[in-house]
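Worksheet for the structure shown next.
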Amino acid sequence: MEKYNVKQILALESYGETITVEGWVKTKRGSKNVAFIALNDGSTINNIQIVVDFEIIDASLLDDVHTGASLKITGELLKSEGKNQTVEIKASEVIIYGKANPDEFPIQPKRHTLEFLREHAHLRFRTNLFGAITRVRHAMIFAIHDFFNQKGFCNVHTPIITGSDAEGAGEMFRVTTLPLDIPPKTENGTIDFSEDFFGKETNLTVSGQLEAELAALALSKVYTFGPTFRAENSNTSRHLAEFWMVEPEVAFADINENMDLAEELLKYCVKYAMEKCSDDIDFLDSRFSNEQKGKPQNERSELGLKEQMNFVLENDFVRLSYTDAIEILRNSKPNKKKKFNYIIEGWGADLQSEHERYLVEKHFKKPVILIDYPKEIKSFYMKQNDDGKTVRAMDILFPGIGEIVGGSQREENYEKLKTRMGEMNIPQEEMWWYLETRKFGTVPHSGFGLGFERLLLFVTGMGNIRDVIPFPRTPKNAEF
RNA sequence: UCCUCUUUAGCUCAGUUGGUUAGAGCACCUGACUGUUAAUCAGGGUGUCCCAGGUUCAAGUCCUGGAAGAGGAGCCA
C-alpha cells in the first residue's frame, strides 16, 4: 500500500484506492452518524478531510481525537461530497499515535495572538501561519543558493567563532571557557585570555564579510550564508541577536555591478516565492489583508502582499546619491513644516528611519538604493570616492522594512585602507591578514549583506522579525 | 538603552466613582442534529486580577518600586 503525504493526496485522482496518511488533527466536527477530521502533515497548508462513518469505526475512538492529536488513517480515496475540497478519505482504520489533551494543549482552533504563539514557539509550527512561514523560509534558502549557483558563485563557510573584534558591525558575544567566578588575571589585573581555549579573546561573528573578501580575491565570485550574532540591546521588530545573513563578495566588480546583483537577487527570491509557494503566499496575502483592515486608515498599506511583491518585480529600484536624497528631504513638506523629529539642515547628517521611510513610502513609492554616503558615517573598508568626502556605499531600502541590504565597493588600495583604519581606530596589527590581501594582487571588488529575515518579512508580510525565524534570540529571551 | 502603552479564566478581552459572590465569547464536557467546512443549537464552571510594598474601614481599580510583553527611537541587516 502506498503512503502519501497530504500534498500528494490532494492531487490524486485514483478514486477507490486504499491509502494511508499520517498527520495532526486541525479540527474535528461531529454529528450523530459521521465525523469529519481535517488532517495536516505540514507538506502543504491545505488539509485532507477524513470521513469517519460510525457504522465502520467505533464512535468512542474519536473521544480521544482533538485538535493537535496525531493519527494514522487508512481508508479509501473518494471524490468529496463536500464543497471545499475535491478529495477525501473514508477511514477504515484510525490509529491514534498521540493524544492532545484539550485542557492542556495551547493551540486551539481559533485565532491566537502572535505574542502568545511566540511564548509557545515549540508548538507554533502546528499553526497554519507558522507552517506557511516555515515553508516559505525553506524556499527562500533554496532560492538564494540556486541564484548564486546558477551565476557561478562559490559558497564559502566563514567562521562563526572569530578572533577579531574589529569588524565594527556591532557589539559582540564573548566566547570563552574561562571560569566566570575566578578568571585568571595578568599582572596588571586584567583577565588573562592567553589561558582561554583559543589563547586569545574570541567572539561570535558579526559578519562573514572580511573572510568572504579573502576568498573572493582568489575565487572571484563567492557568497556566505550563515548565522550572525549581535549583542546590541535592540528591542525592535526588525532586529535579532541571532540572525542569518547572505553576503556575496565579487572581485572585479564595482558599485554598479554590486547594485545590479543585489536587485537581481531580491527579485529572483520574490519571484521564486510567488511561483513555488503559491498556496502559502495566498494564505499570507489574505492574512495580511485582514491585518490591514484592523489598522487605522493612515497606517494601512496601500497595496496587498502579492501586489507589493509584483510591484517590486515590475519596477526598477530607484538609484539615488546621498547628496540628492538630502536635497529631496530638505525640500520635502515634512521637513519644511518641521514634522520630522530630526530636521534635515544640510549635508553630512545621518538619515533617520523617518527619512528613509519618507523617500521609499511617500516620495518614490518604490525600493530605493542610496549610494555615495559621507565617509564619516560609514565603515573603514568602503572605497573612497575622488571627492574625498564620500564612499561607495549602498543601502537598499524597502517599504515597511527599511534597510534590507547594506553594501559597498571595498577599498582595494593598501595605503588608503591603512590610513582610514588609523583614522577610525581600527587595530591594524590584529587585521594584518585583511591588509595583506591589498598587498598581494589586490583588485577592485564589491559585496553586500542581505538580512535574510528582513527578506522574509517582505515576502511573508509579517510585521515582526521574531515571527519569521523559528526560535528568535532577542534581549532577555533565549527560551527553546 | 530611551519614550509610550499593556499585564484579569486555558485563549481573546470587558470590568463604571475604590464598595456585596469578578463577567462575556472561544476552547472543554453533556445532549440534539443524515455530510460538516473555525459546523450549528441547548445546558454545564473555570481565577496567584503579573510580583513586592503602601494608602484605606474596604484595592482588580489609587500610589511607589520591580518584572515581562508590544509599539516607536537609537544601533544596524
Side-chain angles (χ1 to χ4, degrees), chain A residues 25-38 46-55 63 66-68 78 80-85 88 90 100-120 127-128 167-171 206-209 227-247 262 295 299 340-342 350-354 356-357 377-379 395-398 401-407 448-458 463-469 474-477 479:
Chain A
V25 175
K26 285 280 179 189
T27 58
K28 180 185 74 168
R29 297 175 291 277
S31 63
K32 196 175 184 181
N33 303 321
V34 67
F36 303 91
I37 296 168
N46 301 308
N47 304 320
I48 180 75
Q49 171 155 286
I50 310 298
V51 182
V52 181
D53 186 336
F54 295 145
E55 286 184 13
D63 290 349
H66 297 99
T67 298
L78 296 174
S80 180
E81 292 172 35
K83 286 172 189 164
N84 295 3
Q85 60 277 322
E88 62 189 25
K90 187 162 189 180
N101 182 347
D103 290 334
E104 298 171 55
F105 186 59
I107 311 298
Q108 296 164 11
K110 58 168 284 188
R111 180 177 289 278
H112 289 101
T113 60
L114 295 170
E115 291 83 0
F116 173 77
L117 292 171
R118 240 169 260 153
E119 288 169 9
H120 297 82
T127 63
N128 289 332
E167 290 161 30
E171 288 296 310
V206 293
S207 163
Q209 178 200 317
T228 329
F229 307 88
R230 308 237 171 127
E232 303 285 352
N233 190 8
S234 309
N235 294 287
T236 83
S237 53
R238 299 183 304 283
H239 291 86
L240 290 164
E242 176 182 292
F243 65 100
W244 290 69
M245 190 151 63
V246 182
E247 294 176 286
K295 285 185 177 180
E299 288 174 26
F340 284 142
N341 289 321
Y342 295 86
D350 207 351
L351 300 182
Q352 310 292 322
S353 296
E354 57 182 348
E356 295 179 351
R357 271 217 302 277
I377 58 174
K378 287 291 179 183
S379 301
D395 285 355
I396 302 186
L397 311 176
F398 256 45
I401 294 165
E403 188 176 343
I404 193 168
V405 163
F448 62 83
L450 164 66
F452 182 59
E453 282 78 16
R454 291 197 180 165
L455 171 65
L456 279 169
L457 282 179
F458 181 74
N464 192 314
I465 203 161
R466 298 172 183 112
D467 296 325
V468 296
I469 188 167
T474 52
K476 299 270 171 358
N477 187 0
E479 193 67 54

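Bear in mind the structure is a predicted one, so any value in this text is a computation, not a measurement. Letters A, B, ... are given to chains in the order of the sequence lines, protein chains preceding strands, and every chain is numbered from 1. For the numbers below, each heavy atom of this structure counts, side chains included, while hydrogens, waters and symmetry mates do not.
At the phosphate of B:G72, OP1 or OP2 sits under 4.0 Å from a side-chain N or O atom of A:Ser237. Residue A:Arg29 places at least one side-chain N or O under 4.0 Å from the OP1 or OP2 atom of B:A39. Distances shown here put every side-chain N or O of A:Asn33 at or beyond 4.0 Å from the OP1 or OP2 atom of B:U34. The side chain of A:Thr27 contributes no N or O atom lying less than 4.0 Å from OP1 or OP2 of B:A38. For B:G74, the OP1/OP2 oxygens have a side-chain nitrogen or oxygen of A:Gln352 closer than 4.0 Å. Look at A:Arg238 and you'll find a side-chain N or O under 4.0 angstrom from OP1 or OP2 of B:A73. Proximity of A:Arg466 to the phosphate of B:G71: a side-chain N or O atom is located under 4.0 Å from OP1 or OP2. Residue A:Asn235 has no polar side-chain atom (N or O) positioned under 4.0 Å from OP1 or OP2 of B:G71.
Checked by distance alone, A:Glu115 brings no side-chain donor or acceptor within 3.5 Å of a matching partner on the base of B:U7. With hydrogens and angles left out, the side chain of A:His239 and the base of B:C75 share a donor-acceptor pair within 3.5 Å. Side-chain atoms of A:Ser234 and base atoms of B:C75 include a donor and an acceptor less than 3.5 Å apart. No N or O donor and acceptor, one from the side chain of A:Glu119 and one from the base of B:G69, sit under 3.5 Å apart. For A:Glu88 and B:G35, a side-chain-to-base donor-acceptor distance below 3.5 Å is present, hydrogens and geometry of angles not being considered.
Only the C1' atoms considered, B:G53 is 33 Å distant from B:A73, to the nearest whole Å. For B:U7 and B:C63, the P atoms lie 14 Å apart once the distance is rounded to whole Å. Here, B:C41 and B:U36 have their P atoms 15 Å apart, quoted to the whole Å. Comparing B:A22 with B:U16, their C1' atoms are spaced 14 Å from each other, to the whole Å. Remark: the separation of the C1' atoms in B:A14 and B:C76 is 41 Å, to the nearest Å. Taking the P atoms as reference points, B:G71 lies 25 Å from B:G10, given to the whole Å. Between B:G54 and B:G60, the two P atoms lie 15 Å apart (nearest whole Å).
Base pairing of B:U1 is made with B:A73, judged by Watson-Crick or G-U wobble geometry with both donor-acceptor distances under 3.5 Å. Look at B:U7: its Watson-Crick or wobble partner, with both distances under 3.5 angstrom, is B:A67. Judged by Watson-Crick or G-U wobble contacts below 3.5 Å, the nucleotide B:A59 has no partner. The pairing partner recorded for B:C33 is none, the criterion being a Watson-Crick or G-U wobble arrangement whose two distances lie under 3.5 angstrom.
Residues A:His66 and A:Ala100 come closest through the heavy atom pair CB-O, 3.9 Å.
Listed nucleotides B:G74, B:A27, B:U37 differ in distance to A:Gln108; the shortest reach to its side chain belongs to B:A27.
To the nearest 0.5 Å, the span separating CG on A:Asp395 from NZ on A:Lys378 amounts to 3.5 Å.
Centre separation under 5.5 Å together with a plane angle under 30° does not hold for the ring of A:Phe36 and the six-membered base ring of B:G35, so they are not marked as stacked.
No donor-acceptor contact under 3.5 angstrom links the side chains of A:Gln108 and A:Thr67, judged on distance only.
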